[in-house]
Amino acid sequence: MLQKHLCNRTSKTSLLRIFPALLLALCLAAAPFGAVRAYAATTAQSHIDAVLLIDVSNSMNTSDKNKIANEAMKMFIDMLSAKGDKVGIVAYTDKVQREKALLQISSAGDKQDLKDFIDGLDRGAYTDIAVGVEEAVKVLQNGSDPAHEPIIVMLADGNNDLNDATGRTQSQSDAELKTAVETAKKNGYPIYTIGLNADGKLNKQSLADLSDQTGGKAFSTDSPDDLPQILSEIFASHLKLKVVPVQSITANGSYQDVTVNVPNGSVLEANISIMSAQPVTAKLTDPSGKSVAIPSSDVLLSKSKTYSLLKLLSPQQGDWKLSIKGVPKDKIDINLVFNYDLELKIDALPSATYKKGDKIDISSHLFNNGAQVTLSNLYQDMEAVLLATDTDTGVSEEIPLDNTGAVFKGTFEVKDSHNYELKVRAEESSFYRESDVVKISAKSGAAGTAGAGTSTGSTEEPAKEAASYTLYYIIGGIVLLLAAGIAFWLFRKQAIRGFVGQIVVEVRDGNTGEKTYPQYKKLAAFRGKFNLHQLLQLAPELKESEQLVFTPGKNDTLLLRSSGGISVEKSGRAADTTRGLELKSGDRISVVLPTVDKTIMLEYLI
């Protein structure tokens with residue numbers, strides 16, 4: 001039993017409203033991922049090297065009055081593993097205000113040192129993004145471990161504001177930024193940018209370009225209250241984890257039981273977050289019914305005035321019982337993040353070149369620290385698909401893979417004499433993995449060589465006549481091929497059109513009435529079409545949403561069509577999606593999924 005308060009009331013109600021999501025965001029950064037239990041004795045843990053790049057210009061006093069960004073960074077540090085991860089900090093204006101080199105965390109004292117450093121940051125005048133990015137890259141270059149996953153998380157609230165007295169020009173800053181970005185790209189340092197657009201003047205495109213060039217992602221928001229959700233998307237994307245929601249409760253003054261299910265024996269860490277505005281106490285019971293002390297050698301406890309995190313190390317598979325007691329009528333939010341150390345690989349193909357009509361057997365396995373995982377139940381708990389992309393047309397298809405044994409397997413048929421990229425994606429409720437891309441070509445060999453033929457005469461004239469006919473047929477063939485090519489291009493043009501803007505997604509539970517925080521889904525990565533299930537990151541419980549398909553419309557609009565009986569509402573009225581519902585920037589719709597009693601609320605923005 002936890003004999004002290006885990007959470008205390010904060011003086012800022014706005015902070016209380018967003019801290020549950022903030023904890024989720026930072027739980028997602030809780031490395032290392034868990035190793036498969038069968039190999040736990042020999043597995044090297046996975047770690048990350050993170051540089052937190054923080055804009056501390058004076059404008060942040062307005063855009064982030066409550067210093068939510070600082071709290072987010074401090075909680076991120078708290079959620080890291082007890083040993084092994086590295087964290088560096090760069091605070092910048094038009095110069096590096098303060099800097100901390102990558103520190104390898106080996107104790108609670110190291111974490112406190114980093115948090116104290118953030119508490120001591122001061123504001124300053126002017127802004128020069130290039131200075132901050134260049135220094136963050138140098139921090140990774142000077143201290144990153146090649147075996148770790150590097151990442152730069154950059155927070156900025158505005159554009160450059162250079163000091164005229166220094167003589168520095170915008171072109172100089174741009175050149176310096178370009179060099180820093182090229183270095184980050186070369187070294188594999190993804191930069192995730194978060195733009196706080198408090199004054200409405202943020203150059204979102206410049207931040208987006210910075211992220212796109214380095215393999216990161218760009219986010220922007222008008223309010224610091226959105227930072228928790230944005231951080232959760234960053235870490236979910238980078239670490240390929242999922243948040244598993246656990247039942248929320250309303251305290252009644254007595255202990256209330258909540259079930260925490262550990263799905264399989266491959267989990268090394270289970271992170272349970274407990275959020276409440278009032279003091280809370282907790283008890284924990286393992287699947288065998290044995291009471292487990294908090295904290296103990298198997299359960300680590302991290303806490304502050306606003307949250308607690310229970311980290312279960314190599315937890316036993318099955319249903320754990322978490323007993324919570326809080327102040328009557330106080331709402332208590334509980335969430336769960338599992339950690340894994342798994343890699344997905346496509347088995348070597350017999351060849352890299354094929355021809356149209358060939359059928360290729362595909363098999364894929366999970367690996368842990370270089371060793372192939374042979375636990376068949378782990379494969380059977382997951383759904384896997386082969387993502388095949390025709391790189392000549394940009395058209396992709398998903399092919400479900402069989403998972404009945406300790407392998408994912410299926411067959412891919414080469415439909416055209418084109419180049420293809422193959423990738424396997426496997427997922428379950430708490431995480432997903434993607435293999436590296438395998439490239440194949442069906443363009444091998446010449447387009448066909450003309451045979452020598454046989455001559456039916458020996459005079460020069462018949463030979464000339466034969467040559468004339470041959471030329472005629474060649475020209476006719478070329479014309480036909482050009483016509484077919486133009487027709488094919490017109491046919492494919494729609495299929496490979498891109499999208500602009502983003503869709504804001506919220507999910508409301510019909511049973512509890514609770515609604516998730518808005519998620520901002522950028523559409524630039526899609527080509528031709530995508531379905532709602534893909535937008536929802538293929539969440540298994542929302543699979544019926546794949547019946548709703550989006551295609552690009554005219555003038556940067558979207559067309560929504562439904563192949564099933566799912567109800568779609570626009571402006572409070574039922575909408576007909578059978579012929580295509582046009583969505584313009586600012587349009588909002590609601591999609592009701594009756595089988596799971598959830599409503600998906602979407603807003604299209606450019």
Walk me through it: do D390 and K415 pass the test salt bridge (charged side-chain N to carboxylate O under 4.0 Å, His left out)? CA-CA 9 Å; D390 183 330; K415 293 183 173 58; over 6 Å; no

Look at the side chain of N403 and the backbone N and O of M382, then say whether any donor-acceptor pair between them is shorter than 3.5 Å. yes

I would like to know whether K111 and I105 meet side-chain contact (heavy atoms from CB on, under 4.5 Å); could you show each step before the answer? CA-CA 7 Å; K111 291 187 176 183; I105 297 173; 3.9 Å; yes

Under 3.5 Å, is there a donor on one side chain and an acceptor on the other for S211 and T193? yes

Does the plane of the ring in H148 sit parallel, tilted or perpendicular to the ring in H47? Use 30° and 60° as the thresholds. tilted

Hey, does I362 have a side-chain heavy atom less than 4.5 Å from the side chain of I399? no

dist L535:CG -> L523:CG (nearest 0.5 Å) comes out at 6.5 Å

Flag the pair W320 / V292 as yes when at least one side-chain heavy-atom distance between them is below 4.5 Å, and no otherwise. yes

Can you give me the closest heavy-atom contact between G143 and D49, atom names plus distance? O-OD2, 4.5 Å

Would I332 and V258 satisfy side-chain contact (heavy atoms from CB on, under 4.5 Å), going step by step from the backbone distance to the final call? CA-CA 11 Å; I332 301 173; V258 175; over 6 Å; no

If we ignore hydrogens and angles and just use 3.5 Å, is the side chain of D85 paired with the main-chain N or O of I48 as donor and acceptor? yes

E603: which residues meet the salt bridge (Lys or Arg N to Asp or Glu O under 4.0 Å) condition with it, sequence neighbours left out? R588

Would you find a donor on one side and an acceptor on the other, under 3.5 Å apart, between the side chain of Q317 and the backbone of P263? yes

Could you check whether any side-chain N or O of Q502 sits under 3.5 Å from a backbone N or O of K521, counting only pairs where one atom can act as donor and the other as acceptor? no

Least distance between heavy atoms, P150 atom then G188 atom: CG-O, 3.4 Å

Donor-acceptor side-chain pairing of D347 and S363 below 3.5 angstrom: yes

Out of curiosity, L301 CG to I294 CD1, how far, rounded to the nearest 0.5 Å? 7.5 Å

Heavy-atom check, side chain of Y255 versus side chain of T281, under 4.5 Å: yes

How long is the span from the OG1 atom in T389 to the NE2 atom in H418, to the nearest 0.5 Å? 14.0 Å

Does any donor atom in the side chain of S296 or D298 lie under 3.5 Å from an acceptor atom in the other side chain? no

When the aromatic ring centroids of F499 and F530 are compared, is their separation below 6.0 Å? yes

If you compare all heavy atoms of L532 against all heavy atoms of S545, which two are closest, and at what distance to 0.1 Å? CB-O, 3.3 Å

Shortest non-hydrogen separation from D110 to Q104 and the atoms involved: OD2-O, 3.5 Å

Within the side chain of T214, is there an N or O that forms a donor-acceptor pair under 3.5 Å with the backbone of I191? yes

Could you walk me through whether L103 and V87 pass the side-chain contact (heavy atoms from CB on, under 4.5 Å) test, one step at a time? CA-CA 5 Å; L103 173 68; V87 178; 5.8 Å; no

Salt bridge (Lys or Arg N to Asp or Glu O under 4.0 Å) with K423: which residues, sequence neighbours excluded? E434

With a sphere of 6.0 Å drawn around NZ of K598, does it hold more than 12 non-hydrogen atoms of other residues, nucleotides or ligands? yes

Check against side-chain contact (heavy atoms from CB on, under 4.5 Å), L602 and V505: CA-CA 5 Å; L602 309 173; V505 181; 3.7 Å; yes

Without swapping roles, check the side chain of S364 against the backbone of K345 for a donor-acceptor pair under 3.5 Å. yes

As an exercise, state the distance from CD1 of I346 to CG of L422, rounded to the nearest 0.5 Å. 6.0 Å

Could you check whether any side-chain N or O of N187 sits under 3.5 Å from a backbone N or O of Y189, counting only pairs where one atom can act as donor and the other as acceptor? no

Rounded to the nearest 0.5 Å, how far apart are CG of L114 and NZ of K86? 13.0 Å

Distance-only, no hydrogens or angles: does the D381 side chain make a donor-acceptor pair with backbone N or O of L378 under 3.5 Å? no

Minimum-distance pair of heavy atoms, taken over all atoms of R433 and L342: NE-O, 2.8 Å

With the side chain counted from C-beta on, respond yes when D319 and P287 share a heavy-atom pair under 4.5 Å apart, and no when they do not. no

Side chain to side chain, L310 and L322, heavy atoms closer than 4.5 Å: yes

Test item: N419 and K443 side chains (from C-beta on) under 4.5 Å apart, heavy atoms: yes

What pair of heavy atoms forms the shortest contact from I274 to A282, and how long is it? CD1-CB, 4.4 Å

Counting distance only, does the side-chain N/O of Y379 pair as donor-acceptor with the main-chain N or O of V373 below 3.5 Å? yes

Side chain to side chain, I360 and L349, heavy atoms closer than 4.5 Å: yes

Is I600 close to L548 at the side-chain level, that is, under 4.5 Å between some pair of heavy atoms? no

Measuring from atom CG of L344 to atom OG of S435, what distance do you get when rounded to the nearest 0.5 angstrom? 5.5 Å

Do F412 and Y420 have ring centroids that are under 6.0 Å from one another? yes

